[in-house]
2 protein chains.
Amino acid sequence: MTTMKATQERAQAKVEYNAFLAACPSRRLLDRISDKWVVLILCALGGDDSPRQPGAAHADAPKAMRYSEISRLLAGVSQKMLTQTLRSLERDGLLTRTVTPTVPVTVSYELTDLGLSLHHMTRGLRSWAQTHMAEVLENRENYDARTS
Amino acid sequence: MTTMKATQERAQAKVEYNAFLAACPSRRLLDRISDKWVVLILCALGGDDSPRQPGAAHADAPKAMRYSEISRLLAGVSQKMLTQTLRSLERDGLLTRTVTPTVPVTVSYELTDLGLSLHHMTRGLRSWAQTHMAEVLENRENYDARTS
DNA sequence: GAGAGAAACTTCCTTTTAGGAAGTAGACAC
DNA sequence: GTGTCTACTTCCTAAAAGGAAGTTTCTCTC
């Protein structure tokens with residue numbers, strides 16, 4: 001009972017915010033992009049999985065990949081999540097899904113121009129992670145040592 | 001029983017991958033970065049919350065913010081998640097947490113240089129979202145119309 | 001001096017989400 | 001006709017997120 005007013009204000013703010021959120025799709029789109037499987041799939045389809053020097057000029061091959069190829073490359077992903085994420089990316093127009101009726105059906109995925117433009121951003125994230133990883137790990141150790 | 005071998009291979013691959021994953025912190029770091037609250041907090045502390053023209057030269061003010069300010073700005077976040085995310089960002093050395101023993105204790109958060117460098121990347125994501133939002137929404141509508 | 005109030009958290013409980021394992025289709029190879 | 005392949009779907013359990021209330025320590029009011 002002590003924080004009645006504060007709680008009420010918080011609830012009020014939430015209602016206002018929810019309305020704002022519903023009206024602000026860019027926030028929601030940002031939520032969708034900030035998903036680890038989305039970023040990893042974009043990296044995979046963008047075509048650089050081996051650690052490469054950032055800044056080096058290399059072709060951004062928007063290579064098409066099969067379902068099983070992606071699955072193998074991002075081996076940590078469950079089939080369910082992979083399918084789910086690929087579908088939502090297709091829905092958003094970031095990649096195309098092509099079914100070839102071969103012996104066992106073949107499905108290939110390829111980045112669209114839109115997907116490729118996003119890939120450029122996520123590739124920045126990726127190279128940031130590679131560049132600053134050591135620093136972050138050191139910070140973590142220091143922090144843990146301080147607080148243990 | 002039909003997919004015994006395939007399942008075994010998958011399990012095998014998973015074991016190998018998990019070892020790889022444990023040994024490859026950049027993948028894990030990428031997972032951490034690809035978190036919606038991380039991105040939003042970085043945007044907040046970077047100091048541009050109003051929609052601004054991307055590309056316009058404006059100061060990247062790494063302004064310090066209080067807990068309650070951030071909470072208000074990202075009103076959708078629960079207090080628990082905010083505290084949790086801020087702690088982990090502090091642990092990673094992306095921001096500093098300063099406690100000032102005023103009347104009710106005041107805690108302020110500020111991006112470090114490392115955090116600021118990541119902020120530049122996430123700001124790119126943000127502006128991408130704002131730029132291409134309309135296109136994505138259109139794609140979604142088309143997709144839903146096609147598959148309904 | 002009893003009570004309210006404020007900031008920044010915790011704690012507890014519920015709901016949503018992700019992950020893992022197994023099942024499905026349909027054509028072919030043996 | 002049993003096994004195998006790809007690209008899924010379904011089901012169930014485990015982990016994470018969300019919401020609401022409680023906690024602490026001080027100070028100001030009446």
Side-chain angles (χ1 to χ4, degrees), chain A residues 1-15 17-18 21 31-32 34-41 64-90 95 97-109 147, chain B residues 1-15 17-18 21 31-32 34-41 64-90 95 97-109 147:
Chain A
M1 302 298 174
T2 53
T3 52
M4 183 65 95
K5 261 188 194 162
T7 304
Q8 285 177 341
E9 275 166 27
R10 206 131 47 206
Q12 177 79 20
K14 210 192 70 183
V15 169
Y17 180 74
N18 282 347
L21 228 197
D31 286 356
R32 286 282 348 278
S34 305
D35 176 82
K36 74 171 185 174
W37 296 124
V38 167
V39 175
L40 290 174
I41 287 174
M65 288 180 82
R66 297 183 54 180
Y67 180 89
S68 48
E69 280 185 282
I70 304 174
S71 179
R72 232 171 290 126
L73 194 58
L74 312 182
V77 73
S78 69
Q79 296 182 312
K80 191 184 73 172
M81 269 294 104
L82 183 54
T83 302
Q84 212 173 86
T85 310
L86 285 170
R87 279 294 142 75
S88 74
L89 289 176
E90 186 198 2
L95 51 79
R97 179 173 179 272
T98 315
V99 180
T100 318
T102 49
V103 187
V105 71
T106 304
V107 182
S108 68
Y109 296 91
T147 57
Chain B
M1 302 301 173
T2 53
T3 52
M4 184 66 93
K5 263 190 192 160
T7 304
Q8 285 178 338
E9 276 167 25
R10 205 132 45 205
Q12 177 79 20
K14 209 192 73 183
V15 170
Y17 179 73
N18 281 347
L21 229 196
D31 286 357
R32 287 283 346 277
S34 306
D35 176 82
K36 74 172 186 173
W37 295 124
V38 167
V39 175
L40 291 174
I41 287 175
M65 288 180 82
R66 296 183 55 180
Y67 179 90
S68 48
E69 278 186 283
I70 303 173
S71 177
R72 233 171 287 127
L73 194 58
L74 312 182
V77 73
S78 68
Q79 295 183 309
K80 191 184 74 172
M81 269 296 105
L82 183 54
T83 302
Q84 213 172 88
T85 310
L86 285 171
R87 279 295 142 75
S88 74
L89 289 177
E90 186 198 2
L95 50 79
R97 178 173 179 271
T98 314
V99 181
T100 318
T102 48
V103 186
V105 71
T106 305
V107 181
S108 69
Y109 296 91
T147 56

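Proteins get letters first, then strands, A, B, ... in listed order; numbering begins at 1 in each.
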Measure [atom1]/[X] against [atom2]/[N] and give the value in whole Å, please.
X       : N      : atom1 : atom2 : value
A:Met65 : D:dA7  : CE    : C1'   : 15 Å
B:Arg72 : C:dA6  : CZ    : P     : 12 Å
B:Glu90 : C:dA8  : CD    : C1'   : 14 Å
A:Arg66 : D:dC8  : CZ    : C1'   : 13 Å
B:Gln79 : D:dG22 : CD    : P     : 14 Å
A:Leu86 : D:dT6  : CG    : C1'   : 14 Å

OP1 or OP2 of [N] sitting under 4.0 Å from any side-chain N/O of [X]?
X        : N      : value
B:Ser71  : C:dA8  : no
A:Tyr109 : D:dC8  : yes
A:Thr102 : D:dT6  : no
B:Arg87  : C:dT10 : yes

Item to check | Side-chain (B:Thr85) to main-chain (B:Met81) donor-acceptor, under 3.5 angstrom | outcome: yes

Checklist entry - Between D:dT6, C:dC9, D:dA7, which nucleotide gets closest to the side-chain atoms of A:Ser68? => result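 The answer is D:dA7, which lies nearest to the side chain.
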
Next on the checklist: Closest approach to the side chain of B:Pro104, judged atom by atom: which nucleotide of D:dA7, C:dA8, C:dA7 is it?
Outcome noted: C:dA7

Next on the checklist: Within this structure, what is the CG-CZ distance for the pair B:Leu95 and B:Arg87, rounded to the nearest 0.5 Å?
Outcome noted: 10.5 Å

Item to check | Least distance between heavy atoms, A:Pro101 atom then A:Val105 atom | outcome: CA-CG2, 4.5 Å

Next on the checklist: If I compare all heavy atoms of B:Ser34 with all of A:Val39, which pair ends up nearest, and what's the gap?
Outcome noted: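 The answer is OG-CG2, 3.5 Å.
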
I'd like a list of close polar pairs between nucleotides 15-18 of chain D and the protein, N/O only, cut-off under 3.5 Å.
{"unit_1": "D:dG18", "atom_1": "OP2", "unit_2": "B:Trp37", "atom_2": "NE1", "d": "3.3"}
{"unit_1": "D:dG18", "atom_1": "N7", "unit_2": "B:Lys80", "atom_2": "NZ", "d": "2.9"}
{"unit_1": "D:dG18", "atom_1": "O6", "unit_2": "B:Lys80", "atom_2": "NZ", "d": "2.9"}

pair [X]-[Y]: side-chain heavy atoms closer than 4.5 Å:
X       : Y       : value
A:Arg97 : A:Leu86 : no
B:Leu40 : B:Leu73 : no
A:Gln84 : A:Ser88 : no

